[in-house]
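Below is one structure; the comments refer to it alone.
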Amino acid sequence: MRKLKMGMIGGGKNAFIGAVHRIAANMDGLIELHCGAFSSNPDVSLESGKELGLSEDKCYKSYTQMIETEAKLAPEERMDFVSIVTPNHAHFAPAILALENGFHVVLDKPITLNLHEAKLLAQKVKETGLYLCLTHTYAGYPMVKQARSLIAENHLGKIRKIMVEYPQGWLSSDFENAGNKQAAWRTDPSKSGISGCMGDIGTHAAHLAEYISGLKITQICADINTVVANRRLDDDGNVLLKFDNGANGILVASQIAAGEENSLKIKVYGEKGGLEWHQMEPNTLIVKWPDSPAQLYRTGNGYLSPKATFNTRIPSGHPEGYLEAFGNLYRNFALTLQSKLENREPTPFMLDFPSVEEGVRGMAFIENVIASGKSTQKWTEFSILGTKTLRS
């Protein structure tokens with residue numbers, strides 16, 4: 001099998017997430033960086049590409065030039081897929097253009113700037129038959145896979161309650177007006193969309209709750225806050241949830257929790273027992289029983305589920321963290337594309353990466369939760385059709 005050729009949009013010099021994507025894509029030797037339009041500034045794009053070892057002719061001035069030029073090359077010479085690592089407002093147009101020109105897509109979350117764009121993108125994916133991988137990174141952890149397997153196999157019984165929280169402290173002050181570029185675009189409605197905190201990390205928490213439990217959110221009741229003075233988007237929120245099996249839940253997301261780092265946690269409780277996972281201690285899954293001691297499941301051991309094992313690279317006791325979880329998404333996506341190129345059916349393990357459907361649900365979560373936060377009604381139905389409040 002040859003390496004897949006990746007084109008990158010965004011992720012130029014000093015861009016945090018672009019470097020993370022490149023490390024993750026390179027981790028398993030399945031993908032190589034082939035070309036890029038690394039910045040809206042052509043000079044920065046050229047300089048970034050050269051620093052990454054690309055020839056000048058593979059450092060494009062714009063994503064349009066890159067996609068249209070690569071599409072004209074012979075199949076063995078052009079890129080196989082596009083990785084889009086830009087702010088939210090610059091997701092939709094390049095993703096649509098890539099799909100229209102026959103290229104698969106890897107896309108940062110949230111998938112688009114709004115729900116309308118997300119649904120159009122989902123329709124384009126369906127029309128083309130191409131793959132789209134959405135980088136909900138936390139779904140890539142082995143112990144998250146193990147938690148999902150335990151619930152799917154009914155070890156916990158019917159799920160009754162889900163508690164997920166994602167506290168950060170990096171926006172506890174007015175950093176967007178102090179030269180922090182990451183803070184600046186994430187608090188700018190024209191670049192981030194209608195939500196700040198809930199769009200940035202609340203979507204991660206909601207996706208994790210649905211992915212691990214196998215359930216879907218059906219109703220929400222949200223308290224959305226903007227705590228830092230003069231900030232234009234939410235930076236804190238609390239959401240009550242109801243799921244499609246009758247379970248209830250709580251989702252807390254905050255970026256003004258001073259002193260917190262990246263403290264994503266989830267607890268799921270069923271009729272027979274519960275489980276707990278912390279992103280900052282990712283190698284451990286705690287499983288709790290009402291009539292016996294709690295169990296610690298650890299990454300890399302032989303007693304884990306096949307899916308957890310498939311997403312583990314090294315023996316037990318060697319930490320696998322954020323980069324490896326990110327790498328699992330790229331690895332599974334690459335194996336899926338290689339299967340397609342060789343006219344083989346990808347296995348369910350290969351197809352285990354977030355897709356455009358999760359992207360649509362993520363945008364629906366954002367729009368519904370912001371509408372609920374503004375509403376005087378206690379509970380609102382979770383809808384992927386959009387909300388009258390937000391369209392008015």
Side-chain angles (χ1 to χ4, degrees), residues 88-89 91-92 107-123 134 136 138-139 159 161-167 186-187 189-227 231-255 264 266 354-392:
N88 304 355
H89 73 291
H91 285 183
F92 176 73
L107 190 56
D108 254 347
K109 48 58 57 193
I111 194 167
T112 50
L113 190 67
N114 56 56
L115 179 57
H116 176 66
E117 288 182 347
K119 291 191 287 187
L120 290 177
L121 189 56
Q123 182 61 37
L134 188 68
H136 272 298
Y138 306 108
I159 300 305
K161 191 172 191 69
I162 300 172
M163 302 166 66
V164 59
E165 62 177 78
Y166 200 157
R186 281 180 166 82
T187 57
S190 69
K191 293 181 171 63
S192 188
I194 63 171
S195 176
C197 176
M198 282 294 162
D200 192 21
I201 62 174
T203 49
H204 272 311
H207 178 263
L208 190 67
E210 290 194 338
Y211 180 77
I212 286 180
S213 69
L215 304 175
K216 300 297 184 186
I217 297 169
T218 57
Q219 296 181 54
I220 56 176
C221 178
D223 167 39
I224 304 299
N225 308 299
T226 303
V227 176
R231 181 165 283 164
R232 290 182 288 173
L233 293 173
D234 57 288
D235 52 21
D236 173 82
N238 313 289
V239 188
L240 299 177
L241 307 170
K242 290 189 184 298
F243 293 86
D244 56 1
N245 76 330
N248 64 78
I250 303 170
L251 185 154
V252 177
S254 180
Q255 293 177 311
L264 173 62
I266 186 167
S355 68
V356 70
E357 286 78 14
E358 286 92 335
V360 171
R361 287 194 64 78
M363 290 311 307
F365 172 80
I366 293 169
E367 294 207 359
N368 281 275
V369 85
I370 295 301
S372 176
K374 294 178 178 179
S375 175
T376 57
Q377 184 176 339
K378 184 177 180 182
W379 284 95
T380 59
E381 295 293 324
F382 185 99
S383 171
I384 64 169
L385 301 177
T387 64
K388 292 181 180 179
T389 302
L390 293 175
R391 288 204 299 264
S392 62

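Bear in mind the structure is a predicted one, so any value in this text is a computation, not a measurement.
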Which pair of heavy atoms, one from [X] and one from [Y], lies closest together, and at what distance?
X: I366; Y: G199; answer: CD1-CA, 3.6 Å
X: L134; Y: G359; answer: CD2-CA, 3.4 Å
X: A247; Y: K161; answer: CB-N, 4.3 Å
X: D235; Y: V227; answer: OD1-N, 2.7 Å
X: A118; Y: I111; answer: CB-CG2, 3.7 Å

Can you check whether I266 reaches Y138 side chain to side chain, under 4.5 Å on heavy atoms? no
Would a distance-only check, ignoring hydrogens and angles, find a side-chain to backbone donor-acceptor pair under 3.5 Å from [X] to [Y]?
X: S372; Y: S375; answer: no
X: H89; Y: L113; answer: no
X: D234; Y: M198; answer: yes
X: N245; Y: I159; answer: yes

Among pairs that include at least one residue of residues 198-213, which meet salt bridge (charged side-chain N to carboxylate O under 4.0 Å, His left out), considering only residues two or more places apart or in two chains? K109-D200, R186-D200, E210-R361
Please identify each residue that fulfils side chain to side chain contact (heavy atoms under 4.5 Å, CB included) with [X], with sequence neighbours left out.
X: T187; value: L171, E176, R231
X: A122; value: V356, V360
X: I201; value: Y166, Q168, C197, A253, Q255
X: A206; value: I217, L251, F365

List in chain and number order the residues that pass side chain to side chain donor-acceptor pair (under 3.5 Å) with [X], two or more places apart in sequence or in another chain; answer none if no residue qualifies.
X: E357; value: S355
X: H204; value: H136
X: D108; value: H21, T135
X: S213; value: none

Quick one: pull up [atom1] in [X] and [atom2] in [Y] and give me the separation to the nearest 0.5 Å.
X: N368; Y: I220; atom1: CG; atom2: CD1; answer: 4.5 Å
X: E367; Y: N114; atom1: CD; atom2: CG; answer: 6.0 Å
X: R232; Y: T226; atom1: CZ; atom2: OG1; answer: 11.5 Å
X: L115; Y: S383; atom1: CG; atom2: OG; answer: 8.0 Å
X: L215; Y: I162; atom1: CG; atom2: CD1; answer: 5.0 Å
X: I224; Y: L233; atom1: CD1; atom2: CG; answer: 11.5 Å

Hits for salt bridge (charged side-chain N to carboxylate O under 4.0 Å, His left out) against K216, two or more places apart or cross-chain, chain-then-number order -> none
Those residues at least two apart in sequence (or on a different chain) that pass salt bridge (charged side-chain N to carboxylate O under 4.0 Å, His left out) with E165 are K265
Any side-chain donor near an acceptor of the partner, T218 and D244, under 3.5 Å: no
Working for side-chain contact (heavy atoms from CB on, under 4.5 Å), residues V164 and I212: CA-CA 11 Å; V164 59; I212 286 180; over 6 Å; no
Taking only distance into account, with no hydrogens and no angle test, what donor-acceptor pairs under 3.5 Å do side-chain atoms of residues 236-243 form with protein atoms, sequence neighbours excluded?
from: D236; atom 1: OD1; to: S254; atom 2: OG; distance (Å): 3.0
from: D236; atom 1: OD2; to: N225; atom 2: ND2; distance (Å): 2.7
from: N238; atom 1: ND2; to: D223; atom 2: OD2; distance (Å): 3.1

